[in-house]
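The shown structure was predicted, so the numbers you read here are calculated from the model rather than taken from an experiment. Just so you know, these numbers use all the heavy atoms, side chains as well, and skip hydrogens, waters and symmetry mates. Chain letters run A, B, ... following the sequence lines, proteins first, then strands; residues in each count from 1.
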Amino acid sequence: MQTAWQHWTYDIARRVSATLGIHVESSEIVAPPDPTLGDFAFGCFRLAKEGQKNPIVLAQEIAKAFEKQGSDITQVTATGPYVNFTLATDAAIRRVIEDVEEMGEEYGSSEIKSDQTVLLEYAQVNTHKEIHIGHLRNVILGVSLINVLKHRGSRVIAMSYHGDVGAHVAKCLWKLAYSLQLTANSITVEAVTGLLEKISDGDRTGEYLGRVYADATRALSEDESLKDQVSSVQQKLEAHDPAWEKLWQETRQWSLDEMKVIFYELDAVIDRQYLESEVYERGLRIADDLLKKGVAKISEGAMVVDLEEKKLGMFLIRKSDGTSLYATKDLALAELKAEEYPSYARSLHLVDTRQAFYFGQLFETLRRMGFDKPLEYVGYELVTLKDGAMSSRKGNIVTYADFRDAVIDYAKQEILSRHADWSEQKVEDVAWDIAMAGIKFGMLKQDSDKIYTFDLEQALSFDGATGPYCQYAATRLGSILKKASQVTGNRLQVTSTTFDHLTEKQLAIVLAKFPRVIEEAAEKLKPSLVANWCFETAQAINAFYRDVPVLESTAEMREARLNFVAVARQTLTQGLSFLGISVPEEM
RNA sequence: GCAGCCAUAGCUCAGCUGGAUAGAGCGCUUCCCUGCGAAGGAAGAGGUCGGACGUUCAAAUCGUCCUGGCUGCACCA
């Protein structure tokens, strides 16, 4: 069906076209800079140029000839080269209420259910490492992209990919074992059992393994000769040595368990979890095959693909010690995905921009392999700290768990300061919702091609353009509805009364923009557009709350406005849900 | 050196398929709770849209060049 926004812009475009007999597109109908000018505007520049006329005169002619009869337009004025159109308040609000009530959860979804399968790879968190706020941005972005794309009618397969093998794992396990004088060759299954028993339950986490990895990196940078030891550990691992395999599997499980919990916390749905260990052998075969076919060659003992002619440099696909690396596995992963989801229409890779060049190399190499399925790289900028980038070497990594706990603690304090009578459980639950809103909105409101500089103090603010601000606006509307139903208990209906308040019309117009915003967010893969719409809507709701009495108005007006309040609350709640934010009953 | 991204108010950012006086939030200065919840609202100060040139009736927006910052560019992922 045609939404209110579409109706208005198409209708105005058609009626403007009728005045002069010249075609005007609905996309040429825009919003004026100031609502006092009108609700829609048409600039006459193009027509003026084509007809060799003065745009100011043209605007006056259009305004005079415009037929309002039968439209929602109540006023047409020419202001300079623009024709401004004002919507009738009552008609505008009714149309929006009808849309939302009729479409419900489908409001803003695509009319055409495309049914295309979209693969989205995100949450590439490695095992044997801590999960930090850099990963957090990736997961939060991924979740909102999944929500938005699904709403627009795609069948989204959410996939995660985890580096559970490779150099970083070898370094970590090497450090773990060598601290007990266990070497690549001397280690036994029994020794591994003994080693694992020495590690306390509290240390059986990715975070602990991350610290071990950092220690290993430090040791290696101080003593180059240790590199050979790590290399032999990696070779043992790739050869499935029983002792190393046991140590690997056991420690890997700690990481996987931890991830499962965190993904659950963040509402990160994962339909298919890929592990590098599933694909690296296939990757090695692909590398050999590429060498045989002459696509790859040997350079300095390693296997490379020469992409110089595409200005993509040399692409390393197998290390000189024969072991695999990131690229080896990614080649195989692309093939595996295509096997498992043969009819996919798009394959998105949500990875930070530092890897943009690498993905260019990867995709080009896949093409040379004869891989002809579509591939898309979706970049986003990194998360950094005020005093520079996070790195295990500097030891300044802000983990997700620490950050989350800090925000939850702060949310609890805020709740207790205004609801001393709440049960402990209620405080816990609401603090969770508010903290997640703060974290997610904070990361989503700014465009993903902007570096996110993490600032705890700023992240702990719940004032202004924040998730809790948006929740609060929805909660206040909920509070009105709750009070109303205690009195009447009736189902809300549109009555014959007339909406007449300018502030409520402005809220209606913001709500009418929702479908367009979701569409654009899906097209451009920009969840920030949804976040900014939510904030704009919350602001309009707060203005409505300030200016328009609901419970205190006349009986018929009250019923009608309650209806509108329900619609506004539902739409904002839905927008927030795309960001992974839920709205508590009270806060 | 080559490539990518970024540059808008003190700070963090919207706006960018060209159009009407450049918008928010934070911070700052004043106000507003016996009022549908003050996690709110009102008012104010604060800007050569990094610089130059170009395209155009019209440039924060497009193009070229420059400057500054960040990030990549073979055995990390």
Side-chain angles (χ1 to χ4, degrees), chain A residues 27 30 32-34 37 41 43-46 48-49 55 79-82 84 124 126 129 163 166-169 171 217 231 276 299-304 311-321 323-327 329-330 351-358 360-361 379 381-382 384 388-389 411 414-415 417-418 434 438 442 445-447 449-453 455 457-458 461-473 475-484 528-529 531-532 535-536 538-539 541-553 558 561-562 565 586-587:
Chain A
S27 59
V30 298
D34 184 339
L37 290 165
C44 301
F45 308 102
R46 181 180 64 84
K49 194 172 187 179
T79 311
Y82 289 91
N84 291 314
Q124 301 92 338
N126 288 339
K129 275 192 180 178
H168 81 281
V169 176
K171 281 182 195 171
T217 310
S231 179
E276 286 189 359
S299 167
E300 296 173 35
M303 221 178 273
V304 299
K311 300 201 171 179
L312 287 169
M314 293 292 240
F315 190 46
L316 187 66
I317 60 170
R318 189 168 181 173
K319 296 196 278 185
S320 52
D321 67 1
T323 63
S324 64
L325 76 168
Y326 197 37
K329 292 166 269 202
D330 262 330
V351 189
D352 85 74
T353 55
R354 284 176 296 190
Q355 294 182 50
F357 183 74
Y358 165 79
Q361 294 180 312
E381 272 292 355
L382 71 157
T384 161
E414 291 291 306
I415 291 168
S417 72
R418 52 203 106 191
I434 293 176
K445 73 175 172 185
Q446 71 178 260
D447 202 287
D449 60 15
K450 225 128 202 172
I451 292 169
Y452 183 94
T453 305
D455 177 354
E457 206 177 317
Q458 201 177 304
S461 165
F462 295 161
D463 301 325
T466 66
Y469 173 93
C470 298
Q471 289 175 312
Y472 184 67
T475 303
R476 285 168 122 191
L477 295 184
S479 178
I480 294 175
L481 294 171
K482 199 185 284 174
K483 287 198 173 155
S528 62
L529 298 173
N532 287 322
F535 178 59
E536 196 189 333
Q539 281 183 311
I541 285 172
N542 283 329
F544 171 84
Y545 191 89
R546 176 194 67 222
D547 292 344
V548 186
V550 177
L551 298 175
E552 299 299 316
S553 48
R558 182 184 137 111
R561 286 202 170 128
L562 283 171
V565 165
E586 296 175 80
M587 62 185 282

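The CZ-C1' distance, from A:F357 to B:rA77, rounds to 16 Å in whole Å. Rounded to a whole Å, the NZ atom of A:K311 is 16 Å from the P atom of B:rG1. What separates NZ of A:K49 from P of B:rA58 is a distance of 10 Å, to the nearest Å. Straight-line distance from the CG atom of A:L312 to the C1' atom of B:rC2: 12 Å, rounded to whole Å. One can place CD of A:E276 at 7 Å from P of B:rA77, the figure rounded to the nearest angstrom. Straight-line distance from the CZ atom of A:R354 to the C1' atom of B:rA3: 17 Å, rounded to whole Å.
Annotation: B:rG54 and B:rA14 have their C1' atoms spaced 28 Å apart (nearest Å). Rounded to the nearest Å, the gap between the P atom of B:rG18 and that of B:rG63 is 11 Å. Across the C1' atoms, B:rC65 and B:rC57 are found 26 Å apart, a figure rounded to whole Å. Taking atom C1' on both nucleotides, B:rA20 is separated from B:rU29 by 32 Å, rounded to a whole Å. Nucleotides B:rU12 and B:rC33 have their C1' atoms positioned 30 Å apart, rounded to a whole Å. Comparing the P positions of B:rA9 and B:rU67 gives an interatomic distance of 22 Å, to the nearest angstrom. Look at the P atom in both B:rC49 and B:rA38: the space between them is 40 Å, to the nearest Å. B:rG46 and B:rG27 are spaced 11 Å apart, taking the C1' atom of each and rounding to whole Å.
By the side-chain contact (heavy atoms from CB on, under 4.5 Å) test, A:P549 is found to be paired with A:E552, A:R561, residues two or more places apart in sequence or in another chain being considered. In this structure, the side-chain contact (heavy atoms from CB on, under 4.5 Å) partners of A:E381, at least two apart in sequence or on a different chain, are A:R137, A:T353, A:I451. Judged as a ring-ring contact (aromatic ring centres under 6.0 Å, His included), and not counting sequence neighbours, the contacts of A:F535 are A:Y469. Every residue two or more places apart in sequence or in another chain that forms a side-chain contact (heavy atoms from CB on, under 4.5 Å) with A:L316 is listed here: A:A302, A:V304, A:L325. Among residues two or more places apart in sequence or in another chain, the side-chain hydrogen bond (donor to acceptor under 3.5 Å, both in side chains) test is passed with A:S231 by A:D321. Here A:Y545 pairs with nothing under the ring-ring contact (aromatic ring centres under 6.0 Å, His included) rule; sequence neighbours left out. Listed by chain and residue number, A:D352 satisfy the side-chain hydrogen bond (donor to acceptor under 3.5 Å, both in side chains) test with A:R354 (two or more places apart in sequence, or in another chain). A search for ring-ring contact (aromatic ring centres under 6.0 Å, His included) contacts involving A:Y472 returns nothing, not counting sequence neighbours. Listed by chain and number, the residues in a side-chain contact (heavy atoms from CB on, under 4.5 Å) with A:Q458 are A:D455 (sequence neighbours excluded).
Nucleic acid contact class of A:Q355 (heavy atoms, under 4.0 Å, all strands): base. Using a 4.0 Å heavy-atom distance criterion, A:S320 is classed as a base contact. Across all strands shown, A:A302 has heavy atoms under 4.0 Å from base atoms, whether or not it also approaches the sugar-phosphate. Within the 4.0 angstrom heavy-atom criterion, only backbone atoms of the sugar-phosphate kind lie near A:G166; the bases stay farther away.
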Trace of the side-chain contact (heavy atoms from CB on, under 4.5 Å) decision for A:E586 with A:K482: CA-CA 11 Å; A:E586 296 175 80; A:K482 199 185 284 174; 4.1 Å; yes
Criterion side-chain contact (heavy atoms from CB on, under 4.5 Å) on A:L562 and A:R558, from CA distance to verdict: CA-CA 6 Å; A:L562 283 171; A:R558 182 184 137 111; 4.2 Å; yes
Would you please test A:R476 and A:I541 for side-chain contact (heavy atoms from CB on, under 4.5 Å) and show each step? CA-CA 9 Å; A:R476 285 168 122 191; A:I541 285 172; 5.9 Å; no
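Of all non-hydrogen atoms in A:E300 and A:S320, the two that sit nearest each other are O-CB, 3.9 Å.
Formation of a donor-acceptor pair under 3.5 Å by the A:H168 side chain with backbone atoms of A:G163 is found in this model.
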Can you tabulate the close N/O pairs, meaning under 3.5 Å, that link protein atoms to atoms of nucleotides 11-15 of chain B?
| residue | atom | partner | partner atom | Å |
| --- | --- | --- | --- | --- |
| B:rC13 | OP1 | A:Q446 | OE1 | 3.0 |
| B:rC13 | OP1 | A:I451 | O | 3.2 |
| B:rA14 | OP1 | A:D447 | N | 3.0 |
| B:rA14 | OP2 | A:K450 | NZ | 2.5 |

Any N/O pairs under 3.5 Å between the protein and nucleotides 17-21 of chain B? List them or say none.
| residue | atom | partner | partner atom | Å |
| --- | --- | --- | --- | --- |
| B:rG19 | O2' | A:Y82 | OH | 2.0 |
| B:rA20 | N6 | A:N84 | OD1 | 3.0 |
| B:rA20 | N1 | A:N84 | OD1 | 3.0 |
| B:rA20 | N1 | A:N84 | ND2 | 3.1 |

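Base-pair partner of B:rA42: B:rU30 (Watson-Crick or G-U wobble, both distances under 3.5 Å). In a base pair of the Watson-Crick type (N1 to N3 plus N6-O4 or O6-N4) or a G-U wobble (N1-O2 and O6-N3), with each distance short of 3.5 Å, B:rA14 is matched with no nucleotide. Checking B:rC73 for Watson-Crick or G-U wobble geometry (two distances, each under 3.5 Å) identifies B:rG1 as its partner. Using N1 to N3 plus N6-O4 or O6-N4 for Watson-Crick, or N1-O2 and O6-N3 for G-U wobble, each under 3.5 Å, B:rA7 pairs with B:rU67.
Of the two residues near RNA chain B, A:K329 and A:G313, the one whose nearest nucleotide lies more 5' is A:G313.
Under the 90° criterion around 0 for the glycosidic angle, B:rC33 counts as syn.
Counting only heavy atoms from C-beta on, A:F535 has its side chain closest to B:rA24 among B:rA24, B:rA74, B:rA77.
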Can you give one letter per nucleotide of nucleotides 29-41 of chain B, 5' to 3': B if a protein heavy atom sits under 4.0 Å from the base, S if only from the sugar-phosphate, - if neither? -------BBSBSS
